[in-house]
Amino acid sequence: MTTFKSEFVRTLVERGFMHQCTDLDALDELAARQQITAYIGYDCTAPSLHVGSLVQIMMQRILQKTGHRPIVLMGGGTTKVGDPSGKDASRRMLTDDDITDNMAGIREVFSRFVSFGDGSTDAVMVNNDDWLSELAYIPFLRDMGRHFSINRMLSFDSVKLRLEREQPLSFLEFNYMILQAYDYLELNRRHDCILQMGGSDQWGNIVNGVELGRRVDSVSLYGFTTPLITLASGAKMGKTADGAIWLNQDMLSSYDYWQFWRNTEDADVGRFLRLFTELPLDEIARLDELEGAEINAAKIVLANEASTLCHGRSAAEAAENTAHQTFAEGRVATDLPTVDVKSTDLQAGVNLYELMVLAELCKSNGEARRLIKGGGARVNDAQISDEMAKVTLDDATVEGVVKLSAGKKRHVLIKPV
RNA sequence: GGAGGGGUGCCCGAGUGGUUAAAAGGGGCGGGCUGUAAACCCGCUGGCUAUGCCUACGUUGGUUCGAAUCCAACCCCCUCCA
């Protein structure tokens, strides 16, 4: 392996962040010699980011830790136009207020990973709406449009695939890559940003920005992409049964976040430890050696480290505790999600299926009844298969709660009040 | 504006008058095996105050004992032409 001069590039390469780079040696040289500013663009269609963006976030953290300056670019301007790739015609366009709210949520996520401020390595968050909204069509076409050849744009995967599949591609969408390239130029002018990073699917867009910079302003810009992080099974990372794995605590509990990492597939453990934790590489190598059931120890380390970064040490420890109590000791962990139910209702007895819905373990009575019939429902760890079963105060344990389970992993405590 | 094709459940897609809450697959959930993994196997997968009722095949009307299926109008999408 080549030896790198800059800690920044070395760390990225060693830990598995690199997929492609426009000029790795030159970038390494530059990062070793001076402080650089790099940006990554994020969508702001949701009030939080999910693990799908975590690789990029970690990369910005590394950037900052190795003495450089991260820019978090929010796609406020592009979001406003609405993503035309959505098939759902009624897909709503976000208002300015939505975007502002979403940005606040995302900033909160980021503040766990990078520090914002005015210092030389402090991160800044910018919104491309600041410049995109003001663009005047004709001057923009004249100054920027002439640098884009349609022939070349048609050859980009994002476009080519759509055309080959004979799927529609609107002119609006076709313009996204131009706007994104322009973002890079603008960030270079405003913030002296010389590196854009992103997922491998962004390669084309990034390269466009690099070239636009060279043609218009004669500056040397760099591009760097990460591999698309899929699970070993090939599934795209970030979505599970209960939806996206959000990074914000108010959208996904620390326990669920911890569990997400705890349930990593064996084959992914080493790779994820390198990408999503800051453990030294030799320790990761040791953990990665573990085989069979022993690898569970590595998964716990992964869950703890990843949770600590995102939710803090104490939240991670609490989650580990809860998990240990629930799975290893099989007893009622007291900090499982709790739902209050009136004692008077319980006295008379409440249908189990209704409680399951109340506890949000099931979406409808029908679903709950099916779950019970299928043997997936438990009251205080005892399987109940009678769909008409009732739960009463007598079911409360010595702790004064009733533990409901849907499957082996989803538990809720019912507390009479 | 003209010609043609199409809109079905979370997704994808079959279904061209009746046992169709709608095939197959995917996804999801549950069970089994295990290690709270993967792979694999099995079951479930519209709602409800539940031997029944309601909602659902782009929308609205119509034909019919009966419509996702036939007819009409309208809306939307795609392809080609102008």
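Values reported hereafter were calculated over all heavy atoms of this structure, with side chains retained and with hydrogens, waters and symmetry mates removed. Every chain is numbered from 1 and lettered A, B, ... according to where its sequence line falls, protein lines coming before strand lines.
Among B:G35, B:A37, B:U45, the nucleotide with an atom closest to any side-chain atom of A:Glu265 is B:A37. Distance from the side chain of A:Asp266 is smallest to B:G35 among B:G31, B:U36, B:G35. When each of B:G46, B:G30, B:U36 is scored by its nearest atom to the side-chain atoms of A:Gln259, the top-ranked nucleotide is B:U36.
Between A:Phe260 atom CZ and B:A38 atom P there is a gap of 12 Å when expressed in whole angstrom units. Rounding to whole angstrom units, OH of residue A:Tyr255 and P of B:U36 are separated by 12 Å. For A:His411 and B:U36, the NE2 to P distance is 12 Å, given to the nearest whole Å. For A:Met356 and B:C44, the CE to P distance is 19 Å, given to the nearest whole Å. In this structure, CZ of A:Arg262 is placed 12 Å from C1' of B:U34, rounded to the nearest angstrom. In this structure, CZ of A:Arg271 is placed 14 Å from C1' of B:A38, rounded to the nearest angstrom. The CD1 atom of A:Ile295 sits 13 Å away from the P atom of B:A38 (whole-angstrom rounding).
Heavy atoms only, all atoms of each residue included: A:Ile206 and A:Gly198 are closest at CD1-N, 4.0 Å. For the residue pair A:Arg262 and A:Lys299, the shortest heavy atom distance occurs at O-CD, 3.4 Å. In plain terms, the two heavy atoms of A:Phe17 and A:Arg274 that are nearest each other are CE1-O, 4.2 Å. Residue A:Gly349 comes nearest to A:Thr392 through the heavy atom pair CA-CG2, 3.7 Å, listed as atom of the first residue, atom of the second, then distance.
One P atom belongs to B:U45, the other to B:U20, and the distance between them is 15 Å to the nearest Å. Rounded to whole Å, the separation between the C1' atoms of B:G6 and B:U16 comes to 15 Å. As rounded to the nearest Å, B:G1 and B:U63 have C1' atoms that lie 33 Å from one another. For the C1' atoms, the distance linking B:A21 with B:A14 amounts to 16 Å, nearest Å.
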**Message:** Only Watson-Crick and G-U wobble pairs with both distances less than 3.5 Å should count. Give RNA chain B in dot-bracket notation, marking inter-strand partners with |.
**Reply:** ((((((((.[[...)..(......]]((((((.......))))))(((...)))...[[[[[..)....]]]]]))))))).
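Checking A:Glu291 against A:Gln383, the closest nucleotide of RNA chain B that is more toward the 5' end is the one next to A:Gln383. Along RNA chain B, the nucleotide nearest A:Gly375 and the nucleotide nearest A:Ile300 are compared for position; the residue whose nucleotide lies closer to the 5' end is A:Gly375.
Among the protein residues, A:Arg370 comes within range of the sugar-phosphate backbone only, with heavy atoms under 4.0 Å from sugar or phosphate atoms but none that close to a base. If you check every strand for non-hydrogen atoms under 4.0 Å, A:Lys373 touches nothing. Residue A:Ala406 is in sugar-phosphate contact alone, with no base atom involved, counting any heavy-atom pair closer than 4.0 Å across all strands shown.
Proximity of A:Lys408 to the phosphate of B:U34: no side-chain N or O atom is located under 4.0 Å from OP1 or OP2. A close approach under 4.0 Å does occur between a side-chain nitrogen or oxygen of A:Arg378 and OP1 or OP2 of B:G31.
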**Message:** Does the protein touch nucleotides 48-54 of chain B at the base, only the backbone, or not at all? Give it as B, S and - per nucleotide, heavy atoms under 4.0 Å.
**Reply:** SSB----
**Request:** Start with the C-alpha distance between A:Lys409 and A:Phe327, add both sets of side-chain angles, then the distance that settles side chain to side chain contact (heavy atoms under 4.5 Å, CB included), and finish with yes or no.
**Result:** CA-CA 9 Å; A:Lys409 295 182 186 174; A:Phe327 290 100; 4.1 Å; yes
**Message:** Using the rule given for side-chain hydrogen bond (donor to acceptor under 3.5 Å, both in side chains), can you reason through A:His311 versus A:Ser254, listing the C-alpha separation, both sets of side-chain angles and the distance that settles it, and then say yes or no?
**Reply:** CA-CA 7 Å; A:His311 294 171; A:Ser254 298; 2.9 Å; yes
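Contact annotation: the side chain of A:Arg286 never approaches that of A:Asp282 to less than 4.5 Å [non-hydrogen atoms, C-beta and beyond].
A cation-pi arrangement is found for A:Arg369 relative to A:Tyr353, the charged atom lying closer than 6.0 Å to the ring centre and inside a 45° cone about the ring normal.
Looking only at atom types and distance, the side chain of A:Trp261 has no donor-acceptor partner in the side chain of A:Asn304 under 3.5 Å away. When only modelled atom types and interatomic distance are considered, A:Gln180 and A:Tyr176 share no side-chain donor-acceptor pair under 3.5 Å.
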